[in-house]
Amino acid sequence: TLLLDKANMNVLSEKSLSNKTLLLRFGVTNSHLHTIHPLAFHAAPQLKSIKLTDNDLSTLPAQVFSPLSVIEEIYLDGNQLEIIGPDMFEGLDGLLILDLSRNKIRDLPPDMFDGLSNLFLLNLGRNNIKKLSPTIFHTLTKLQLLRMYYNELEVLEPGIFDRLKSLNVLSLHHNQIKSLPPRVFWSLENLTDLTLSSNQLKGVPHKSFYNMTKLKKLTIYSNPLLSLPDELMGHMPYMTQFYLYDTNLITVPRNLFANMSGLLELNLHLNDKLRYLPPDLFCCLPNLKKLSLRNNSLQDLPPNLFSTLATMKILLLNDNKLKTLPENIFQDLTSLVTIDLKNNDLNTLPGDIFLSNTALKAVTLSENPWNCDCAIREIVRWI
Ligand SMILES: *[C@@H]1O[C@H](CO)[C@@H](O)[C@H](O)[C@H]1NC(C)=O
Ligand SMILES: *[C@@H]1O[C@H](CO)[C@@H](O)[C@H](O)[C@H]1NC(C)=O
Ligand SMILES: *[C@@H]1O[C@H](CO)[C@@H](O)[C@H](O)[C@H]1NC(C)=O
Ligand SMILES: *[C@@H]1O[C@H](CO)[C@@H](O)[C@H](O)[C@H]1NC(C)=O
Ligand SMILES: *[C@@H]1O[C@H](CO)[C@@H](O)[C@H](O)[C@H]1NC(C)=O
């Protein structure tokens with residue numbers, strides 16, 4: 001192994017690797033490397049790993065890696081690469097890891113990854129990629145991690161992920177994606193993480209997240225969502241946390257969470273247009289411990305909204321526009337420890353509203369326009 005860090009080595013010459021016939025892992029990092037000789041790797045065809053992270057490379061000679069018939073890892077992250085030639089990785093069929101993140105890549109040739117049938121990790125994050133060919137990933141049947149975050153993707157082509165049967169992690173957050181083709185994720189049966197947050201989605205097609213029963217993490221927050229379809233989430237029993245915030249949603253479909261039966265924490269908050277919640281929205285969350293509905297624009301709540309949440313400990317309703325609360329709304333929350341009602345429009349509360357919440361330790365009621373007449377006596381006595 002030879003790793004040179006901060007070596008101030010600008011050029012990798014034809015001779016740099018001569019006579020290093022035992023070298024398996026070679027790296028030059030943080031070294032202002034800007035030029036690689038076209039024959040630099042001819043002297044060391046036995047290399048298994050090359051790490052050229054954080055240098056000044058803006059181009060690579062055509063087929064510079066082609067002598068490396070047993071190479072497994074190539075790290076080119078943190079350079080200035082804009083264009084990558086179509087043959088750059090041709091024939092490197094033992095490659096497992098390819099990291100091209102943090103460059104300035106705008107376009108990828110459609111057949112650039114052809115033949116990389118053993119690739120396990122492909123990182124294209126933090127580039128300027130706007131468009132991908134629909135078949136670009138089609139030979140990557142062993143890929144487990146595909147990172148495309150922080151690019152400028154506007155569309156996803158139908159079928160683009162169809163052959164990625166082994167994929168576990170697909171990161172698409174921080175792009176400009178405006179719409180999703182129907183069923184684009186359907187073949188990703190092994191997916192555990194899918195991130196779509198911080199895009200430009202105003203809607204999501206019907207049944208988009210079906211066929212992903214191994215999913216543990218799904219992010220769609222920070223999209224200008226206007227509405228969501230009635231059937232969106234398939235069975236996803238391993239999902240334990242879900243966040244939905246920073247959207248333009250006014251309401252959500254009644255069965256949005258019905259298939260997320262393993263949820264422990266649900267954060268449906270910070271949606272400043274969210275006004276209505278359907279009555280049985282939380283019907284099927286038998287394990288929920290924390291529910292945050294804070295900083296929405298809720299004005300009233302359906303009476304049975306929380307009636308199935310017997311294990312819930314924390315309920316945040318603060319910073320809404322609640323004017324009144326139904327008398328029995330909290331009666332089934334027998335495990336509730338904390339409730340926050342701060343900064344609403346409440347002027348009174350029924351005297352026995354917290355009567356069955358025997359585990360309660362903290363109630364926050366400040367910043368409400370309480371009306372201190374006789375009607376409030378009962379709740380004052382309870383306090
Ligand atoms: C490589 O080794 C040979 C034989 O020992 C020697 O003649 C040659 O100068 C070496 N090349 C470099 C670049 O060190
Ligand atoms: C899916 O994941 C399981 C283990 O989590 C693995 O055994 C199986 O081979 C994977 N399927 C594919 C097509 O990679
Ligand atoms: C996905 O789910 C649908 C509906 O449940 C089913 O018809 C389809 O065969 C599943 N599998 C794939 C790979 O699309
Ligand atoms: C829950 O998932 C199952 C199986 O994927 C599906 O048939 C059903 O329609 C889903 N329910 C909702 C409300 O999307
Ligand atoms: C939540 O709402 C309150 C009142 O409108 C506001 O002061 C607070 O900054 C909000 N919190 C966040 C994180 O936006």
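Treat the numbers as computed from the prediction; the structure is a model and nothing was measured. Whatever order the structure lists ligands and atoms in, that order sets their numbers, starting from 1.
The side chain to side chain contact (heavy atoms under 4.5 Å, CB included) check on Leu263 picks up Met239, Phe242, Met260, Leu266, Leu285, Leu288, with sequence neighbours excluded. When the ring pair (Phe, Tyr, Trp, His ring centres under 6.0 Å) test is applied to Phe137, no partner is found at least two apart in sequence or on another chain.
The hydrophobic cluster around Tyr276 extends to Ile250, counting ILVMFWY residues whose side-chain heavy atoms fall within less than 4.5 Å of a member.
Judged by distance alone, with hydrogens and angles left aside, the side-chain atoms of Asn259 form no donor-acceptor pair with the main-chain N or O of Tyr210 at under 3.5 Å. For the pair Asp332 (side chain) and Thr308 (backbone), a donor-acceptor distance under 3.5 Å is absent. Side-chain atoms of Asn287 come within 3.5 Å of backbone atoms of Ser261 as a donor-acceptor pair (strictly under, hydrogens ignored).
Close contacts of ligand 5 with Leu270, meaning ligand atoms under 4.0 Å from a residue heavy atom, involve 12 (C), 13 (C), 14 (O). Using a 4.0 Å cut-off to heavy atoms of Glu231, the atoms of ligand 4 that qualify are 9 (O), 14 (O). For ligand 4 and Met233, the ligand atoms under 4.0 Å from any heavy atom of the residue are 1 (C), 10 (C), 12 (C), 14 (O). The Asn343 neighbourhood of ligand 5 comprises atoms 4 (C), 5 (O), with distances under 4.0 Å to a heavy atom of that residue.
When only interatomic distances are considered, the shortest N/O to N/O separation between Asn259 and ligand 4 falls below 3.5 Å. In terms of N/O distances under 3.5 Å, ligand 4 is not approached by Asn255. Residue Gly234 has no nitrogen or oxygen atom sitting less than 3.5 Å from a nitrogen or oxygen atom of ligand 4, judged on distance alone.
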Just do the side chain to side chain donor-acceptor pair (under 3.5 Å) check on Thr29 and Asp5 with the steps written out, would you?
CA-CA 5 Å; Thr29 56; Asp5 187 57; 2.5 Å; yes
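Listed as neighbours of ligand 2 are Lys165, Ser166, Asn190, Lys214, each bearing a heavy atom under 4.0 Å from the ligand.
Side chain to side chain, Asn343 and Asn318 fail the donor-acceptor criterion of an N or O pair below 3.5 Å. Using modelled atom types and a 3.5 Å distance limit, the side chains of His32 and Asp56 yield a donor-acceptor pair.
The aromatic ring centroids of Tyr149 and His174 lie 6.0 Å or more from each other.
Contacts with ligand 4 closer than 4.0 Å are made by no heavy atom of Lys207, backbone or side chain.
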